[in-house]
Amino acid sequence: LRFAIGGVEGIRIGFASLPIIIGGIFFGPVIGGLIGGIADILGYFINPLGAYMPHFTLTSFLTGFIPGLVIYYGFNHKINTYSLVISIMTGQVISSVILVPVFLQMLFSIPIKVTIVPKIVGEGINIFLYTYIIKVLVKRELLKLESLNSYSKQ
């Protein structure tokens, strides 16, 4: 979903980062980072818009790496609402809220003031949605595991 502000894309809410974050949370920081980096490179080859910019591959890598790092080492692999919010928020703030506006200014001279507020609003919504969706996925998977365990005990 894209919301225009003054005729320009301002707030963007989407699910492109969700599989990358899931990879980091469930399979660890390195796998999450690789999923993010590979996704960005494949995305460039599938739909190239201008020159390749490794800055955005780095942010995509960090989108999967940071949540995995926080869950694995900060919360000792424990996945609950609190650990999900903190890990996803840490990753999104560093990669999307801070680095993307900095890179947009470095590469295209777009002022940080113009891009950071919509990023904060959009990522605030995304963090909530990502946490909810991952929580639902974890719950469903746990229910499947419990039913398989009870079936195997019979």
Side-chain angles (χ1 to χ4, degrees), residues 1-5 8-49 53-104 112 115-154:
L1 301 172
R2 297 169 190 234
F3 299 97
I5 299 173
V8 177
E9 179 182 309
I11 298 171
R12 187 171 166 185
I13 299 165
F15 298 103
S17 297
L18 185 60
I20 299 167
I21 293 168
I22 288 172
I25 287 172
F26 290 127
F27 302 111
V30 173
I31 299 298
L34 288 173
I35 292 169
I38 291 168
D40 184 72
I41 293 167
L42 283 176
Y44 173 75
F45 284 115
I46 291 169
N47 187 22
L49 297 171
M53 305 208 177
H55 307 72
F56 299 114
T57 302
L58 173 64
T59 60
S60 191
F61 175 88
L62 292 175
T63 297
F65 183 80
I66 293 170
L69 193 69
V70 173
I71 283 283
Y72 269 65
Y73 298 106
F75 291 102
N76 201 24
H77 308 293
K78 291 188 174 88
I79 298 175
N80 56 42
T81 303
Y82 179 74
S83 66
L84 284 173
V85 168
I86 296 299
S87 63
I88 294 168
M89 183 171 56
T90 304
Q92 292 304 97
V93 166
I94 292 170
S95 65
S96 293
V97 174
I98 296 171
L99 288 179
V100 168
V102 167
F103 292 151
L104 288 172
I112 290 176
T115 56
I116 199 152
V117 173
K119 279 289 189 189
I120 290 169
V121 173
E123 289 308 322
I125 295 166
N126 283 340
I127 290 164
F128 169 77
L129 291 173
Y130 296 165
T131 301
Y132 178 76
I133 291 168
I134 293 171
K135 189 76 170 151
V136 167
L137 291 173
V138 167
K139 186 176 182 180
R140 285 184 181 228
E141 194 58 38
L142 288 177
L143 290 175
K144 280 186 196 176
L145 289 174
E146 286 174 7
S147 66
L148 285 174
N149 286 338
S150 66
Y151 179 75
S152 65
K153 289 179 183 177
Q154 294 176 355

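If you take CG on L99 and NZ on K119, they are separated by 11.0 Å, rounding to the nearest 0.5 Å. Here the straight-line distance linking atom CD1 of I25 with atom CG of L69 works out to 12.0 Å at 0.5 Å rounding. The CG atom of L129 sits 10.5 Å away from atom CD of E123, with the distance rounded to the nearest 0.5 Å.
Residues F26 and I134 meet the side-chain proximity criterion, which asks for heavy atoms closer than 4.5 Å. I22 places none of its side-chain heavy atoms less than 4.5 Å from the side chain of Y130. In this structure, the side chains of T59 and F56 come closer than 4.5 Å at one or more pairs of heavy atoms.
The side chain to side chain contact (heavy atoms under 4.5 Å, CB included) with I66 is formed by just one residue from the set V93, I88, T90; it is T90. Checked against Y82 for a side chain to side chain contact (heavy atoms under 4.5 Å, CB included), the options I79, L84, V85, I86 give a single hit: I86.
Between L62 and S95 the shortest heavy-atom distance is CB-CB, 4.3 Å. Nearest heavy atom pair, residue P67 against residue G91, reads CD-CA, 4.2 Å. Across all their heavy atoms, F61 and G33 have their closest contact at CD1-O, 2.9 Å.
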Q: Apply side chain to side chain donor-acceptor pair (under 3.5 Å) to T63 and S17, showing your working.
A: CA-CA 7 Å; T63 297; S17 297; 4.8 Å; no
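The closest side-chain donor-acceptor pair between S60 and D40, if any, does not fall under 3.5 angstrom.
Applying the 6.0 Å contact sphere to CZ of F27 captures no more than 12 heavy atoms from other residues, nucleotides or ligands.
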